[in-house]
Amino acid sequence: MIRYSPNGAFLASGSDDKCITLWQKRENCLSINRIDKIFRWSPKGRLMGHTEDVLDLRWTNDSKYIVSSGMDKRIFIWNVEKKYHVKVLD
């Protein structure tokens, strides 16, 4: 699954590889016409901690943290800038 950050600068993708990949919007984009644009994304990092598939992701309103849940029945709260989990709920 893919979740866009509320500030529009990042997206996070989680899957059955047990990892969350962070992506950052690049400055340049391709203009198709006056209205439509294609944005480019660059990898920003990976968040690893789940031992099973990542099932869902949610951003906090300030786009500083991601909450993830997995098939391992654990919930992680991640600091996006520092790329580490600040809390794990078992």
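Excluded from the calculations below are hydrogen atoms, water molecules and symmetry mates; all remaining heavy atoms, backbone and side chain alike, are included.
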Interatomic distance, [X] atom [atom1] to [Y] atom [atom2] [nearest 0.5 angstrom]:
{"X": "S42", "Y": "R26", "atom1": "OG", "atom2": "CZ", "answer": "4.5 Å"}
{"X": "I20", "Y": "R46", "atom1": "CD1", "atom2": "CZ", "answer": "10.0 Å"}
{"X": "S15", "Y": "L55", "atom1": "OG", "atom2": "CG", "answer": "11.0 Å"}

- Task: May I ask you to decide if F39's main-chain N or O and K25's side chain share a donor-acceptor pair within less than 3.5 Å?
- Result: no
- Item | side chain to side chain contact (heavy atoms under 4.5 Å, CB included) between W23 and S13, intermediate numbers included | CA-CA 8 Å; W23 302 85; S13 60; 3.3 Å; yes
- Task: For a side chain to side chain contact (heavy atoms under 4.5 Å, CB included) with L47, tell me which candidate from T21, N79, L22 qualifies.
- Result: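 Testing each of T21, N79, L22 against L47, the sole residue satisfying side chain to side chain contact (heavy atoms under 4.5 Å, CB included) is L22.
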Can you check whether [X] reaches [Y] side chain to side chain, under 4.5 Å on heavy atoms?
{"X": "L11", "Y": "R3", "answer": "no"}
{"X": "E52", "Y": "K73", "answer": "no"}
{"X": "Y4", "Y": "W59", "answer": "no"}

Let me check something: any side-chain donor-acceptor pairs from residues 63-70 under 3.5 Å, sequence neighbours excluded? List them with distances.
residue	atom	partner	partner atom	Å
S63	OG	N7	N	3.1
S68	OG	H50	NE2	2.8
S68	OG	W78	NE1	2.8

- What's the verdict on side chain to side chain contact (heavy atoms under 4.5 Å, CB included) for I77 and H85, showing C-alpha distance, side-chain angles and the deciding distance? CA-CA 5 Å; I77 301 172; H85 59 271; over 6 Å; no
Are more than 12 heavy atoms from other residues, nucleotides or ligands located less than 6.0 Å from atom [atom1] of [X]?
{"X": "K44", "atom1": "NZ", "value": "yes"}
{"X": "D62", "atom1": "CG", "value": "yes"}
{"X": "K83", "atom1": "NZ", "value": "yes"}

- Hydrophobic cluster membership, Y84 vs L57, 4.5 Å side-chain cutoff: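 Looking at the clustering, L57 is in a separate group from Y84.
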- Item | Hydrophobic cluster identity match, F10 and V86, side-chain contacts under 4.5 Å | no
- Message: Holding to side-chain contact (heavy atoms from CB on, under 4.5 Å), I want the full list of residues that pass it with R74, two or more places apart in sequence or in another chain.
- Response: D72, F76, V88, D90
- Message: The criterion is salt bridge (charged side-chain N to carboxylate O under 4.0 Å, His left out); which residues satisfy it with D16, sequence neighbours excluded?
- Response: none
